[in-house]
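One structure below.
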Amino acid sequence: MTEPDLALPESLAQTRDDFLALSERDRLQLLLEFANELPELPERFRDHPELLERVEECQSPVFLIVEVEAGAVAVHATAPAESPTTRGFASILAQGLSGLDVTAILAVPDDYAFQIGLTKAVSPLRLRGMTGMLARIKRQVREASAA
Amino acid sequence: MTAPYDSSEKFQSYAHPERLVSTAWLEEHLDDPRLVVVESDEDVLLYEVGHIPGAVKIDWHTDLNDPVVRDYIDGPAFADLMGRNGIARETTIVVYGDKSNWWAAYALWVFTLFGHEDVRLLDGGRDRWIAEGRPITTDAPSPERVDYPVVDRDDSRIRAFKDDVLAHFGKPLIDVRSPEEYSGERTHMPAYPEEGALRGGHIPTARSVPWARAANDDGTFRTVDELTAIYREGAGIRDADDVVAYCRIGERSSHTWFVLTHLLGVPRVRNYDGSWTEWGSAVRVPIATGAEPGEAPIR
């Protein structure tokens, strides 16, 4: 097993361990499961795409928004069904980060995308897309909690 | 034995009509044992969401690239890839994929490096097949392994390396990336590295023709007259017989390579797969910035 990582929240550590326990091929299957489980946007954002931030690092149109309520963070993201890989990454982050507090999110290692054992199956550009999502989530969290 | 050709009228005006099949033709021929359908997408998971019944998946990143060296797989690896997907040397391959066949054309180009004779594209690709309501399944096929000979990759005819491009000045070069990539004013967030190139801009004298101009909104190829206007006239290829195309890593330019080679019949077209991620990081190669092609360097 991997060393306990103090900076990595339990949820993301669990996801990482789940991926690393699988063969390369099955990791893609798990990513597909995450893609299918990307939560729908809450209704208040569904009709207001302008409130969401586009993730320019992703080739497919990915949008996300972060809400901070009483120190707890909620991450919402949307990505097209034709981009399951990107949806999977968005889903890992949205599910793994939502409910955490600001400090925990800002402490997530920036290279998390490269820790989940997908560097062979997924091109580096894609993984950088996930890194871009994380960076934008952190920036939004920082802005929201400074306000 | 290869499968019969699609005699659709639209294809007859192209230089090599036998390189395309229509969605209707493919649906009719899905059970033809001489044919293997290959899906090749940008998104490594898209095939798993649903694919043409019986189609096998070949991924550009995990299947066609060498895992260590920046190069394509070698003859034995290619023979294994084909064999385990039920493809024999004389099998007809029809490739299709997402994004107007962008990655499908890349796979077709790599298959051509190994001299696979009969490899065709599905006009309109994955999106058109689905838009027309044709059958899709998530059932994984289980192809029977066949023997595929070990063939050496031939990089001399359709592939260009950096030195070839340096020796090519004076002949047509086509940059198929977006206008922003071409000019060198790339959008990227602060403290975030550019996509694998240290400099922005384009190879001097290269004309900008974003790859997707060759496709209609439904992903099918434009007519030969439209393509002639775009490339021979618009991009200054005229009746040149030796053209090099490039993009970021050689995928989008494979699409343009297909158009120039098989639809317009330009005799010698090479894809520079090192493309901008090599050129934009190489030491002392000439670079032009802005919207103009720029001058060839004086040698």
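FYI, side chains are in, hydrogens and waters are out, and symmetry mates aren't considered; it's all heavy atoms of this structure. So you know, we letter chains A, B, ... as the sequences are listed, proteins then strands, and number each from 1. Small disclaimer: the values here were computed from a predicted structure and weren't measured.
- Applying a 4.5 Å heavy-atom cutoff, the residues of residues 78-92 of chain A that approach chain B are A:A81, A:E82, A:S83, A:P84, A:T85, A:T86.
- The most heavy-atom pairs under 4.5 Å with chain A, out of B:E48, B:R126, B:H61, come from B:H61.
- More than 12 heavy-atom neighbours from other residues, nucleotides or ligands sit within 6.0 angstrom of CD on A:E50.
- Screening residues 36-45 of chain A for salt bridge (Lys or Arg N to Asp or Glu O under 4.0 Å), with sequence neighbours left out, gives A:E40-A:R46, A:R44-A:E67.
- Heavy-atom pairs under 4.5 Å with chain A were tallied for B:I130, B:L46, B:N65, B:T62; the largest tally goes to B:L46.
- In this structure, A:D111 places its CG atom where more than 12 heavy-atom neighbours from other residues, nucleotides or ligands lie under 6.0 Å away.
- If you tally non-hydrogen atom pairs under 4.5 Å between each of B:D43, B:D127, B:D59, B:V44 and chain A, the highest count goes to B:D43.
- At least one side-chain heavy atom of B:V49 sits under 4.5 Å from a side-chain heavy atom of A:L32.
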